Amino acid sequence: MSIPRRVALAVIAFCLAPLAAAQSKDPPRKPVVGFSQVGAESAWRTAETASIKDEASKRGVELKFADAQGKQAAQVRSLRSFIAQKVDYIILAPIVESGWDEVLGDAKAAGIPVLLVDRGVKVKDESLFVTLIASDFVEEGRMAGEWLAKQTGGKASIVELQGTTGAAPAIDRRKGFAQAIAAHPDMRIIKSQSGDFSRAKGKEVMEAFIKSEGRKITAVYAHNDDMALGAIQALDEAGMKPGAGVTVISIDAVKGAFEAMVEGKLNATVECNPLLGPMAFDTIEKHRKGETIPKFIKQTDRLFDQSQAAEAIKMRQY
Ligand code: GYE
């Protein structure tokens, strides 16, 4: 008895069905991500760049990297180029807080979600970015100020080395520190200027502070370690004993800061985590799955002083 042709075809189709289904269940395509970075002004930033690049390659994500060399105009250009290339996501480490409405609006119109890493922006419409993955810089500044108040018994003539003008960490670290010392009438900031988050500029500005204020200076507050290390060099050259005659505190907790603490030249540093790659790509994955993402993914920081430096330096990753 022969099987009718129609039945035979149905049986074959039934047997091949799982195969076809398996083929249609290809893993979803990996996203293409554009990353617009500020530059390479500090050890912190180099560590952040490495973290994002490493994590992308670990996950097989294609990363288009653009270094703006400290220029907002170059960052805007790179965002426009990412939009033109139709990337799936943009990661932006914005150099300053303002001036992003238009280009982020263009990214939104093109349907490209933007994640901010390490620094925030001030925009009219918060829906222009998915989230900000960063530390709380006001809190970091406050921690530095409170530590200095304790260390000096509430008496200090401070010079402040600010970060890049208009950058979120420069604005907020200044604010937090000022809040902390406000309770201490004998703590005063006698000079404050931007050292652009770089060691060379930190040294240059510190030399000018030393020239105008000389031995009146009893403490240095630097918005990052690189500037503090530059200031330490300037103090050394002026014979002003950083770490002893002059108390030096900064933010980031990069390896160079720990070395300077072990040497006794830097007194303390507040940690700021630059290893944001894993969190950034986890967030992209969640976003692709349609999960709700909080608007601020806060990194928690702590302070290290000389008493912890020798032990902690062994574990530092950056
Ligand atoms: O503290 C500094 C850098 O945006 C948090 O930028 C970052 C800051 C960091 O150049 O070293």
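Note that this is a predicted model, so its numbers are computed, not measured. Start at 1 and go down the list; that is how both ligands and their atoms are numbered. Quick note: residue numbers are just sequence positions, from 1.
Any N or O atom pair closer than 3.5 Å counts here, and Asp118 shares at least one such pair with ligand 1.
The six-membered or imidazole ring of His223 lies away from that of Phe137, with a centre-to-centre distance of 6.0 Å or more.
Closest to atom 1 (O) of ligand 1, if we only count protein heavy atoms, is Asp252 OD1, 2.6 Å.
Geometrically, Arg174 does not engage Phe177 in a cation-pi contact defined by less than 6.0 Å to the ring centre and at most 45° from the axis. Because its NZ or CZ atom is not both nearer than 6.0 Å to the ring centre of Phe281 and within 45° of the ring axis, Lys286 does not count as a cation-pi partner of that residue. Under the 6.0 Å distance and 45° angle rule, Lys64 does not count as a cation-pi partner of Phe35.
Using a 4.5 Å cut-off between side-chain heavy atoms of Ile, Leu, Val, Met, Phe, Trp and Tyr, with links allowed through other members, Val262 and Val270 fall into different hydrophobic clusters.
For ligand 1, the atoms lying closer than 4.0 Å to a non-hydrogen atom of Phe137 are 5 (C). If you number the atoms of ligand 1 from 1 as listed, the ones under 4.0 Å from a heavy atom of Pro169 come out as 4 (O). Atoms of ligand 1 lying under 4.0 Å from any heavy atom of Arg45, numbered from 1 in the order shown and given with element: 3 (C), 4 (O), 6 (O), 7 (C), 8 (C), 10 (O). Each of the atoms 2 (C), 3 (C), 10 (O), 11 (O) of ligand 1 lies under 4.0 Å from some heavy atom of Ser42.
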Which atom pairs, one a donor and one an acceptor, fall under 3.5 Å between side chains of residues 101-108 and the rest of the protein, sequence neighbours left out?
unit_1, atom_1, unit_2, atom_2, d
Asp101, OD1, Lys124, N, 2.9
Asp106, OD2, Arg80, NH1, 2.5
Lys108, NZ, Ser127, OG, 2.7

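Nearest residue to atom 10 (O) of ligand 1 from His223, Arg119, Glu41 is Glu41 (criterion: closest heavy atom).
Between the CD1 atom in Ile297 and the CG atom in Leu276 there is a gap of 10.0 Å [rounded to 0.5 Å].
A heavy-atom separation below 4.0 Å is not found between Glu140 and ligand 1.
Within the 4.0 Å heavy-atom criterion, the part of Arg173 lying near ligand 1 is the side chain and not the backbone.
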